[in-house]
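In what follows, a single structure is set out as structure tokens and then discussed.
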Amino acid sequence: MINQKIIVTHGKNEFSGDSGMLSDRGAQFRAVAKAGSELIRISPSKLKEAIAQHSNLSDLLLNAFLQRQDTILNEFVGGIKLVGSGNSKEAYAIRDFMDKNYIWYNFLDVDKSSEANDLLKGFDLSGKDLPLMICNGGQLHMKPSLDEVARFSGVLMDFEDKVFDLLVIGARPSGLAASVYAASEGLSVVTIDSNAPGGQATKSSKIENYLGFPTGISGRILLIELMYKLKSLDVIYPFHTELKKLNIQELILCFPLPMEK
């Protein structure tokens, strides 16, 4: 449900949820069950186990999650509210970040929207407090930095202080593929990027030189499939994370060797 509006009704043997179930992002919708209903609640860890063991289930969920994400982003207004000016560089930077990370949000332009101005009056705020971000739980964040936006939206994740087998720097298609291959072999993997996954490839309508897709694939679909695999393989991916320092003495670098002639 969105603002008490019913968007879908599930019946027997159907399932709810989206790819957020495999990450730290919060639920985007509220569900109500009729009296007498019997539901099975599956934890993220158990869902990942099932996906890893049953390829047919993985394909079914991936297709459903892809369609649901398209529907949410293109057909419904909701999610995080961002109030600001369409001419503001700060507001544009936040919108660009949320677009690249597929965060569901609603931008209210104070230069055009009466709702935006009503919100400012209701919270006793003014233009100097913009941009203003209102999270799903109703929390207000005035003039948030990108670090704060990343954390509030679930993009920037905390992970425990432990030694991982592999650190992948850069979440472009090659970096994401390397993360998937390593995690598939049982390695514990952290993949970081200073902004968002996918890079320039997400803007390509058709990529024809990526292994495994002989007829080509759109950059956006490729990214979503790779991200889905990362989540199902328990790869840690705190995006909007920068590498500050490397201890070269304890670092093992891997480079492809040139082929012998």
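Between F239 and N195 there is no side-chain heavy-atom pair separated by less than 4.5 Å. A heavy-atom distance below 4.5 Å is not found between the side chains of I80 and W104. The closest side-chain heavy-atom distance from L187 to F164 is not below 4.5 Å. Contact annotation: the side chain of T9 approaches that of I6 to within less than 4.5 Å [non-hydrogen atoms, C-beta and beyond]. In this structure, Y237 and P197 have side chains that are not in contact, with every pair of non-hydrogen atoms separated by 4.5 Å or more. At least one side-chain heavy atom of M98 sits less than 4.5 Å from a side-chain heavy atom of I94. No side-chain heavy atom of P173 sits under 4.5 Å from any side-chain heavy atom of L223. Annotation: side chain of V168 is not in contact with side chain of I192 (no heavy-atom distance under 4.5 Å).
Residues Y105 and V110 do not share a hydrophobic cluster, clusters being chains of Ile/Leu/Val/Met/Phe/Trp/Tyr side chains in contact below 4.5 Å. Residues L82 and L108 do not share a hydrophobic cluster, defined by chaining ILVMFWY side chains whose heavy atoms lie under 4.5 Å apart. Under the 4.5 Å side-chain heavy-atom criterion for ILVMFWY residues, no single connected hydrophobic cluster contains both I134 and F107. By the criterion of side-chain heavy atoms lying less than 4.5 angstrom apart, applied directly or through intervening Ile, Leu, Val, Met, Phe, Trp or Tyr residues, L226 is not grouped with Y181; the two fall into different hydrophobic clusters. Under a hydrophobic-cluster definition in which Ile, Leu, Val, Met, Phe, Trp and Tyr are linked whenever side-chain heavy atoms come within less than 4.5 Å, directly or via other members, L146 and Y92 are assigned to different clusters.
How far CD1 of I42 is from CG of L39: 11.0 Å, rounded to the nearest 0.5 Å. Interatomic distance, D234 CG to E49 CD, rounded to the nearest 0.5 Å: 9.0 Å. Note that CD1 of I224 and NZ of K229 are 15.5 Å apart. Values are rounded to the nearest 0.5 Å. S16 contributes atom OG, which lies 5.0 Å from atom NE2 of H10 (distance to the nearest 0.5 angstrom). Once rounded to the nearest 0.5 Å, the distance linking NZ of K143 with CG of L130 reads 9.0 Å. Rounding to the nearest 0.5 angstrom, the gap separating the OG1 atom in T241 from the CG atom in D193 is 9.0 Å.
Scanning both residues, S85 and D111, for their nearest heavy atoms gives OG-OD2, 2.7 Å. The minimum heavy-atom distance linking E225 with I217 is given by the pair OE2-CD1, 4.3 Å. Among all heavy-atom pairs drawn from P144 and P131, the shortest one is CD-O, 3.4 Å. Considering every non-hydrogen atom in both A196 and R172, the closest pair reads O-NH1, 3.8 Å. In this structure, A116 and V83 approach most closely via the heavy-atom pair CB-CG1, 3.9 Å. For the pair A171 and T191, the tightest heavy-atom approach, listed with the atom from each and the gap, is CB-CG2, 4.3 Å.
With hydrogens and angles disregarded, a donor-acceptor distance shorter than 3.5 Å links the side chain of E148 to the backbone of S145. At least one donor-acceptor pair closer than 3.5 Å links the side chain of S188 to the backbone N or O of D165. E14 places a side-chain N or O within donor-acceptor distance of the main-chain N or O of G11, the cut-off being under 3.5 Å. Panel note: side chain S184, backbone V180; a donor-acceptor pair is recorded below 3.5 Å. No donor-acceptor pair closer than 3.5 Å links the side chain of S88 to the backbone N or O of G84. Side chain of S37 to backbone of A33: no donor-acceptor contact under 3.5 angstrom is found. With hydrogens and angles ignored, the 3.5 Å screen pairs no side-chain donor or acceptor of S204 with any backbone N or O of A201. D109 places a side-chain N or O within donor-acceptor distance of the main-chain N or O of G86, the cut-off being under 3.5 Å. The closest donor-acceptor contact from the side chain of N101 to the backbone of I103 lies at 3.5 Å or more, if one exists at all.
Sequence neighbours left out, the pairs with a member in residues 121-149 that pass ring pair (Phe, Tyr, Trp, His ring centres under 6.0 Å) are H141-F152. Sorted by first then second residue, the side-chain hydrogen bond (donor to acceptor under 3.5 Å, both in side chains) pairs that include residues 113-132, not counting sequence neighbours, are K81-E115.
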L132 and M142: CA distance, side-chain angles, deciding distance, side chain to side chain contact (heavy atoms under 4.5 Å, CB included) verdict: CA-CA 5 Å; L132 172 68; M142 294 172 286; 3.7 Å; yes

message: What verdict does the side chain to side chain contact (heavy atoms under 4.5 Å, CB included) test give for L47 and L61, after you've listed the backbone C-alpha separation in whole Å, the side-chain angles of each residue and the deciding distance to 0.1 Å?
response: CA-CA 10 Å; L47 181 59; L61 291 176; 3.8 Å; yes

task: Assess whether side-chain hydrogen bond (donor to acceptor under 3.5 Å, both in side chains) is satisfied between D147 and H240, documenting all intermediate values.
output: CA-CA 7 Å; D147 282 343; H240 197 65; 2.7 Å; yes

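Using a 4.0 Å cut-off between a side-chain N of Lys or Arg and a carboxylate O of Asp or Glu, D96 and K100 qualify as a salt bridge.
Other residues, nucleotides and ligands place no more than 12 heavy atoms under 6.0 Å from the CD atom of Q200. For F213, the CZ atom sits in a packed shell: over 12 heavy atoms of surrounding residues, nucleotides or ligands are nearer than 6.0 Å.
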